[in-house]
Amino acid sequence: MSKKAWGGRFDEDMDAAALAFSESVSFDQRLAPQDIRGSIAHARMLGERGILSADDVQKIVQGLEEIRGEIERGEFEWDPTKEDVHMNVESALTARIGDAGARLHTGRSRNDQVGTDMRLWTREACQATAARIDRLLCVLAVRAGDGVDVLMPGYTHLQRAQPVRLAHHLLAYCEMLERDRGRLLDAARRMNLSPLGCGALAGTTFDLDREATARALGFDGVTRNSLDSVGDRDFLVEAVAALANCAIHLSRMGEELVLWSSQEFGFVQMSDAFTTGSSMMPQKKNPDMAELVRGKSGRVVGDLVTLMVMLKGLPLTYNRDMQEDKPPVFDAFDTVDACLDVMAGSLAGARFDAERMREALVRGFLDATEVADYLSAKGEPFRSAHHVAGRLVRLAHDQGKTLPELTLDEMRAESKAFDQDIYQALDMETAVERRKLVGGPARARVQVEIDALRSRLEERGLDVAAIARQLGADAK
Ligand code: ARG
């Protein structure tokens, strides 16, 4: 930092290593659009309050708009000796318009300024990520619609457990993603208060109109405590925690795509556009995108940990440590956004193999619960019904048979309650259809959920079919 930048207190320039170590402009220049919007709102308010002349305000606004244009066109020269985005923009402004530029910072500190910028940036990022989640939901809604009649094994402990519908399985992820979306928007709503006017930590002696700058920047109101406003970053923790949750959900989807596209499962074929080959083994078609979605989740969890550890133990209020909030926040959003897009494309182009899923229902005694429920419905206490079913599984297993391949006599040897209708109960379609409570996999239930999801998406302005079609075409 040159002597001039810090003014009267300093004689010596900053050490080169210290400067390189402490500059943030290399990453916080991403905040330039928010920084300029904030400065324009602040300048206009200073004008309204008679703190700046109308002429100064006009020069400031015009100068900032020119700088914004330069930045957008990539013509602006970022100077690391000016530390951060705020100082870079302000000194460019002063170089351009003189004293008026030097008056912009009246009643403001970089501490409330950076708090404002980060709230604006993160609020918008939360909304943009929520919109990306919606696009993935569109794909899932359509794929679920295609998969209503496809039966597959549901798993616990990765063991075949009970039959479900493919649609039901896909809708499970929709539930998770809709919660992720809700958490992001909730965080965006809570952070949407303006810290401008809180100054460095203790407000300002100037008679600012905090409500006016808040309104101009689309905030719902102003923060209530100046120390808190410049001294906390919990709003970032909230947003990144929501992202970490989302990344974990996407990672589990990724894991299932990896598993399902293996020859062992064979439940899905990924499109060429979202797989890669091997440099050595010509037969390979690797689900790299799904693997990377799984792999990248670790980064987002790391970003959350970075933020929380950065904050832990900081005395009030602002501390320079807080400059370290930006890389993890940007990285978490960039990573989750990329994962959402890749997952939407992967699923849009994936081909589910209904035959293989069907076949997987035959072996594994997924109908054993039906036997227990059948006996229990006939008056057998559930625990002993469970026991009888277990003995029949063992009998069938020992003879290399499925349960429906046992004779009625073999079953009646275990319980007199068995009748011919047990064979109907063992049918997989019947087993799924009988699970018709809210939240269950029966066809009508699943269809209601698909329709409800589609209406929610359409109410949010999304053309579900068009988005899924487009992504599907891109994925080919
Ligand atoms: N670059 C700083 C940051 O991101 C801006 C605020 C600096 N404030 C200060 N008093 N040094 O946190």
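Counting starts at 1 for both ligands and their atoms, following the listed order.
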Counting from 1, what ligand 1 atoms have a heavy atom of Arg110 closer than 4.0 Å?
6 (C), 7 (C), 9 (C), 11 (N)
Is the closest N or O pair between Arg320 and ligand 1 shorter than 3.5 Å?
no
Numbered atoms and elements of ligand 1 in range of Asn111, under 4.0 angstrom, heavy atoms:
6 (C), 7 (C), 8 (N), 9 (C), 10 (N)
Treating Asp303 as the side-chain partner and Ala241 as the backbone partner, does any N or O pair qualify as donor plus acceptor under 3.5 Å?
no
Main-chain N/O of Leu151 paired to Arg165 side chain as donor or acceptor, under 3.5 Å:
no
Can you tell me which portion of Asp325 lies within the under-4.0 Å heavy-atom range of ligand 1? Options are side chain, backbone, both, or neither.
neither
Please examine the side chains of Arg454 and Val142, heavy atoms only from C-beta on, and report whether any two atoms are closer than 4.5 Å.
yes
Between the side chains of His249 and Arg252, is a donor N or O closer than 3.5 angstrom to an acceptor N or O?
no
Distance under 6.0 Å and angle within 45° of the ring axis: does Arg30 meet both against Phe330?
yes
Would you mind listing which atoms of ligand 1 come within a distance below 4.0 Å of any non-hydrogen atom of Asp84?
1 (N), 2 (C), 5 (C)
Is the Lys NZ or Arg CZ of Arg123 less than 6.0 Å from the centre of Phe219's six-membered ring, within 45° of the axis?
yes
Considering only heavy atoms of Lys326, which atoms of ligand 1 have at least one such atom less than 4.0 Å away?
3 (C), 4 (O), 12 (O)
Hey, which atoms in ligand 1 end up nearer than 4.0 Å to a heavy atom of Ser24?
1 (N)
